[in-house]
Amino acid sequence: MDKLLLRGGRIIDPSQNIDSEMDLLIEGGKIAALGKDIYRSGVDSPKTSLADFKIIDLQGMVVAPGLIDMHTHLREPGFEYRETIRTGSEAASHGGFTSVACMPNTRPVNDNRSVTEFIIRRAAECNLINVYPIAAISRGSEGVTLTEFMDLKDAGAVAFSDDGKPVTNSALMRRALEYASSLDMPIISHCEDVGLSAGGTINEGLVSTELGLAGIPAMAEDVMVARDILISEFTGTVLHIAHVSTAGAVRLIRDARARGVKVTAETAPHYFSLTDEAAKEFDTNAKVYPPLRSMEDVMAIKEGLRDGAIAAIASDHAPHAITDKEVEFEYAASGIAGLETALALSLKLVTDGILTLNQLIEKMSTNPARILHLAKGTLRVGADADITVVDPEKVWTVDPQGLRSKGKNSPFLGWTLKGKAILTIVGGEIKHQ
Amino acid sequence: MKLSKKDLLGIRDLTVDEINLILETAESFIEVSTRDIKKVPTLRGKTVINLFLEASTRTRTSFEIAGKRLSADTINISSTTSSIVKGETLIDTAKNLEAMNPDAIVIRHSAAGAPQILARIMKQPIINAGDGAHEHPTQALLDMMTIKAKKGKISGLKIAIVGDIAHSRVARSNIYGLTRMGAHVTVAGPATMMPRYIDRMGVRVCCRLEEAIRDADIIMMLRIQTERQQENLFPSLREYANYFCLNGENIKLAKDDVLVMHPGPINRGVEIAPEIADGPYSVILDQVTNGVAVRMALLYLLTGGK
């Protein structure tokens, strides 16, 4: 059935300042109409009758523009034992995401047209969500030579990042920011001073001292955030900071934005949901880069989300196999599989009064679309019908068997969360219900 | 009385009563090692595996002797390479060992938290013989036993721990144990060797040896690992020795009846002058002797020996 009527849900679309109980009509993969009781009056033809629609009643549900996760690791090509584009797409869809941007640290690294095209082709075969490849800044993400930005953009890349590794050479970062700006493409920076973080496995603080684990100081992130802001200020071009985890980084970004630097930032749910205490029993599922920080940092991240210093919430979905994690803490892989818990953990910010539901949808859909220049994140008539329907009251428990991702590496296993995507629609087709 | 715990993973997990129980049990085992025939049948028929995945001479030998004096069958597995390098995970190693039905596992590992992995998956008691820079509980227990034997108490004593606190599992276990037993602990070393927020573990922090040892009842010197120089924790051994070596001169700042301890192996002339290591204040070899008794006590208490 080509026509779908979502009836009676609370429609929230920050791109149009809409928040009200309405019906939404989907036709031909696009949003055809939006309004109160539209099915009664007929849409664009008086002959339209209810029988022509598949109708879904959504009283009490939230209908939002499809959520966009601007920072995921789908692991394919190269690390299919951790995740594939298919399982990652299933996890995304299950978690309420209609689009994801995937980082280039695959094997081979996505530093050329053929890898970018491969990812897009595989995603199309899976046909579950929109997958937007982020290409590497430097060849092999080795921090030496720029990749072919123009060719990669033409192939379908939406941004450039050496995520997982920082660009240590400041001159290379400068050239990347300049060159990308001529293409109107964002540079996404993984901010880490590797001299300061070397050997570290968790945040440097009381927990690392007690456990005798080498620490990663918060300033390892702050120093690089400061550098990248200075470079962006100098070049006057757009910079996006990935996975912000520290109070210092939030402050630097806030100050830079106030003086007009074109910097945006994202954080991940674990940075406002957990502190380094989560690693106290050597739980490798709580090992992640950047590491879980202190309570002061968590408070600052929340404040940054509230006041707008942090524009987006991204999962930094980093699936790992059990074999990567069930080893000694210092040998364990870093990362948290987050696609399926991101929404519920973020909804807690609404419950706790830090964000309104509108602001949350902005940070998980509208703003990521804007930062990546995607024609998504809106319920405007004529736009692609990418829609996420959320049951904000649904209580569920995070259970490894219930996760679609191959990666069960989550510090939230066993947590009871509130709020779940009950319907994910991409291009007018229901992909998850 | 028995220990209610399955494992001994760290001093941090122990209550004062549990520490006292272990020390009292150890005291009762001292005598066994002085006999002509140094063997009691307590753990006859029991198997103890010493899984040493990091180089060790003293601790491994001490555990082996402790097991043998209790009549346990002791098996030593030594490897300087990590299980990862060998291609077998620690969990697989543990499952294989478990399948052979040992009665206790003693583990030494370069990675902090490795004993916790064994404890989680194995039903047998696990004894931590040192994990990374995390804990070395049997060392702290033998240190406490030595202090108690010489001073009659731990509570109220002024104890200085000097050296690379950041990288020392001995320091951590002793900080947990000694503060819990009521001692006043001061840690000292260059600021590069002080881990962040160490003061929140209930110790006084200072950067000069002289300040730390003034009026001290006990001075514990830690071994300097010379490779730390490459990480710029100190500029040269010469400078370290000039400013942090306990010698016949600076020891006068301490109480007249001060005890000098060292977990070994010592770097003579670096952190401790030969005349101090071999001098009248030194109880370094008493520590080694007591180590056997402490480990006998733990094997006994954790395997439920009769």
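Note on naming: letters A, B, ... go to the chains in the order of the sequence lines (proteins, then strands), and numbering restarts at 1 for each one.
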*Apply salt bridge (charged side-chain N to carboxylate O under 4.0 Å, His left out) to R12(B) and E210(A), showing your working.*
CA-CA 9 Å; R12(B) 190 183 189 177; E210(A) 288 177 342; 2.9 Å; yes
*With a 4.5 angstrom heavy-atom cut-off, which part of R172(B) approaches chain A: side chain, backbone, both or neither?*
side chain
*To the nearest 0.5 Å, how far apart are CD in E328(A) and CG in L90(B)?*
4.5 Å
*Looking only at non-hydrogen atoms, find the nearest pair between A112(B) and G212(A) and report the distance.*
CB-O, 4.4 Å
*Has I121(B) got more than 12 heavy atoms of other residues, nucleotides or ligands less than 6.0 Å from its CD1?*
yes
*Should the pair H134(B) and F282(A) be assigned to parallel (<30°), tilted (30 to 60°) or perpendicular (>60°) ring geometry?*
perpendicular
*Contacting region of E330(A) [heavy-atom separation from chain B under 4.5 Å]*: side chain
*What residues of residues 113-120 of chain B sit under 4.5 Å from chain A when only non-hydrogen atoms are counted?*
G113(B), A114(B), Q116(B), I117(B), R120(B)
_For the CD1 atom of I175(B) and the OG1 atom of T209(A), what is their distance to the nearest 0.5 Å?_
9.5 Å
*NZ of K6(B): more than 12 outside heavy atoms within 6.0 angstrom?*
yes
*Determine whether more than 12 heavy atoms belonging to other residues, nucleotides or ligands lie under 6.0 Å from atom CD of E231(B).*
yes
*Who wins among G199(A), G205(A), S208(A), A198(A) for the most heavy-atom pairs under 4.5 Å with chain B?*
G205(A)
*asked:* Taking CZ in R251(A) as the centre, count heavy atoms belonging to other residues, nucleotides or ligands within less than 6.0 Å. Is the count above 12?
replied: no
